[in-house]
Protein chains: 2
Amino acid sequence: MARQPRRPIDLKESCVQAAREVIAEQGVEGLSMRDVARRLGISHQAPYRHFESRDHLLAEIMRRCFADFAGHLDARLPGTDDRTDLAAMGDAYLDYAIAKPLEYRLMFGTPWPEPAQHAGLVSDAVHAFDILRNNLRRRHGKAAGMQARADLDALFIWSALHGMASISQSQAMDSLQLAPGVATAFRGYLMQKVGIALEVPVDPRPADCRPAPGSAGTGISRASARKPLPPRSISGSRAR
Amino acid sequence: MARQPRRPIDLKESCVQAAREVIAEQGVEGLSMRDVARRLGISHQAPYRHFESRDHLLAEIMRRCFADFAGHLDARLPGTDDRTDLAAMGDAYLDYAIAKPLEYRLMFGTPWPEPAQHAGLVSDAVHAFDILRNNLRRRHGKAAGMQARADLDALFIWSALHGMASISQSQAMDSLQLAPGVATAFRGYLMQKVGIALEVPVDPRPADCRPAPGSAGTGISRASARKPLPPRSISGSRAR
DNA sequence: CATCATTGTTGACACTGTCAACATAAGGAG
DNA sequence: CTCCTTATGTTGACAGTGTCAACAATGATG
């Protein structure tokens, strides 16, 4: 028979809480199992009764971050239509990235532990993405190929937002000697550009010709790789 | 008087080489001073004669990666005009990210060591950015405010490319159940969207009104943060 | 030659994740 | 009730890490 946990205070839960505190204070790299144990006043091995390894603890925390994040996206001020709603979603995304940089970095800037394992992690992360995708699917309708279009738009939006979020968080911006006002205008400018790009339809086919509709010729197009880089390619993975 | 280094084989150089191998094989996290020493058959403290700390070694490697990267961008097939050149640059950027994922992650996905220190790192990184920025400055001319416009465009392009590169490298794509063909079309689609966004001029002012020129209303716009997130904000830094 | 800075080695220290063995206690079976 | 199983927590080890301190060799310079 499965025995019920009768502990009043849930040590597993406490570990997660303590670990989140550490991460919020010092970032992922600062997280140590022993530190968690120390903060809770328990032996250094106690957390291992609840988490197989540091990676498993980390995965659980990442899962919760994704859940938080998805909740934050869901809690945006509802737009009056799909368009303003999309804008609100973009704002909510960037607000979160700014307000919780270390959590953001944990979700999107840290190599994931075990891909196949930690199924909960994956499904929670996908759920966050689906909030964005669902909006675009409503927008594009169900005609043939429109699922793909919605996915492509979702990936494009995500790229721009994530790119901006992670660039803003790196110290890079400080060193670039940007023209005055650029740093503060960046966010609004990017949102406008993305909005424009979404308005103008685009052929998701191989691309290569297709001038931009209403404009001379897009400028950036030709897809696919050429010139496969000199010799020494890179293999490797995040093993060990 | 400054003594000349008379060593035939430069141990400092060997350390860098060995460390780059480790990183290319196992990623940044796998880099260990002692491992470097072991590979070179020297004592575990020898590398410290040439690098103050692991972070200093890492900074040197990052610096070289940026130099490589900038060289790779410079070595793109020259475009016939600024537009096709910009496209070639985008392609070169993504080619590099794909060919050397671990180096790419090292440059753009790893918290930098000491910001102020390691001046060489910063200047080499800025140089890579300047390749992009210079193209856009030529494009925009020198009229008042156009410097800022060029910087904004550069940041926008960088965001999209970096966003795509880092999303593609995460295992996320595999889990999203994307519609068929989306994964392969992603790159070309994003390049087209970026091209379109660059064609259509945009007001870099605060944004908030300004409908997209030639279209009903951009959809994504309103900049700036609202709703500052519940309570628990995050402080912390990458200390120690 | 004597001096001295450069470079490399050896040995420690505190810290990490994790394995193994042990202690304790609580519930069910007899 | 006792006995046993199972969950939980503790103690002690081991190999690995970055880094400090003390020492040794070596070669150019006074």
Side-chain angles (χ1 to χ4, degrees), chain A residues 1-19 21-23 25-62 110-114 117-118 238-240, chain B residues 1-19 21-23 25-62 110-114 117-118 238-240:
Chain A
M1 255 318 137
R3 207 93 58 82
Q4 290 312 316
R6 66 286 159 172
R7 304 204 107 272
I9 58 106
D10 191 351
L11 190 52
K12 176 167 186 173
E13 193 56 30
S14 307
C15 286
V16 173
Q17 280 311 321
E21 284 176 28
V22 175
I23 290 181
E25 288 168 14
Q26 315 175 14
V28 209
E29 299 80 352
L31 176 65
S32 118
M33 293 293 258
R34 294 176 108 107
D35 193 19
V36 167
R38 225 173 285 122
R39 282 174 185 240
L40 298 175
I42 56 180
S43 79
H44 67 267
Q45 275 292 352
Y48 282 87
R49 293 292 155 186
H50 304 277
F51 300 96
E52 214 173 292
S53 75
R54 179 180 182 276
D55 274 359
H56 284 74
L57 172 55
L58 209 49
E60 172 62 16
I61 294 172
M62 290 175 68
T110 303
W112 284 14
E114 290 278 330
Q117 317 261 24
H118 317 300
R238 298 258 50 273
R240 208 220 98 89
Chain B
M1 255 322 136
R3 207 93 58 81
Q4 289 311 317
R6 67 283 159 175
R7 305 205 107 273
I9 59 106
D10 190 351
L11 191 52
K12 176 167 184 171
E13 193 55 31
S14 307
C15 286
V16 173
Q17 280 311 320
E21 284 175 28
V22 176
I23 290 180
E25 288 168 16
Q26 314 175 15
V28 209
E29 298 80 351
L31 176 64
S32 118
M33 292 295 257
R34 294 176 107 107
D35 193 20
V36 167
R38 223 173 286 122
R39 283 174 185 240
L40 297 175
I42 57 180
S43 78
H44 66 267
Q45 274 292 351
Y48 282 88
R49 292 293 155 185
H50 304 277
F51 300 96
E52 214 173 292
S53 74
R54 179 180 183 275
D55 274 359
H56 284 73
L57 172 55
L58 209 50
E60 172 63 15
I61 295 172
M62 290 175 68
T110 303
W112 284 15
E114 290 277 329
Q117 317 260 22
H118 316 300
R238 298 259 49 274
R240 213 208 100 89

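Reminder, nothing fancy here: chain letters follow the sequence lines and each chain counts from 1. Computed from heavy atoms alone, side chains included, the values below leave out hydrogens, waters and symmetry copies.
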Check nucleotides 22-24 of chain D for protein N or O atoms closer than 3.5 Å to its own N or O atoms and list the pairs.
residue: D:dA22; atom: N6; partner: B:Arg49; partner atom: NH2; Å: 3.4

What's touching nucleotides 11-14 of chain C from the protein side, N or O pairs under 3.5 Å?
residue: C:dG11; atom: O6; partner: B:His44; partner atom: NE2; Å: 3.0

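Here C:dG17 presents its C1' atom at 12 Å from CZ of A:Arg38, a figure rounded to the nearest Å. If you take CG of A:Leu40 and P of D:dG9, they are 11 Å apart, rounded to a whole angstrom. The nearest whole Å value for the distance from the CD atom in A:Glu29 to the C1' atom in C:dC15 is 17 Å. One interatomic measurement links the two molecules: CE of B:Met33 to P of D:dT17, which rounds to 12 Å at whole-angstrom precision. Rounded to whole angstrom, the span from the CZ atom of A:Phe51 across to the C1' atom of D:dG9 amounts to 15 Å. When rounded to the nearest whole Å, the span between CZ of A:Arg54 and P of D:dT17 equals 16 Å. For the pair B:Asp10 CG and C:dT7 P, the interatomic distance rounds to 9 Å; values are reported in whole Å. Between the OH atom of A:Tyr48 and the C1' atom of D:dT8 there is a distance of 16 Å, given to the nearest Å.
Shortest non-hydrogen contact noted between A:Phe51 and A:Val16 is CZ-CG2, 3.6 Å. Minimum heavy-atom separation, B:Val28 to B:Arg54: O-NH2, 3.2 Å. Nearest heavy-atom pair, B:Val22 versus B:Gly30, reported as atom, atom and distance to 0.1 Å: CG1-O, 3.5 Å. Closest approach of A:Pro111 to B:Glu29, counting heavy atoms only: CG-OE2, 3.6 Å.
A 6.0 Å sphere centred on CD of B:Glu52 holds no more than 12 heavy atoms belonging to other residues, nucleotides or ligands.
Neither OP1 nor OP2 of D:dG16 sits under 4.0 Å from any side-chain N or O of B:Ser32.
Each of C:dG8, C:dT16, D:dT19 was ranked by its minimum atom distance to the side chain of B:His50; first place goes to C:dG8. Candidate nucleotides C:dG17, D:dT19, C:dG8 were compared by shortest atom distance to the side chain of B:Ala46, and C:dG8 ranks first.
At a threshold of 4.5 Å between non-hydrogen side-chain atoms, the residues B:Val36 and B:Ser14 do not count as touching. The shortest distance between side-chain heavy atoms of B:Arg34 and B:Arg38 falls below 4.5 Å.
Rounding to the nearest 0.5 Å places CZ of B:Arg49 at 12.5 Å from SG of B:Cys15. Rounding to the nearest 0.5 Å places CD1 of A:Ile23 at 8.5 Å from OG1 of A:Thr110.
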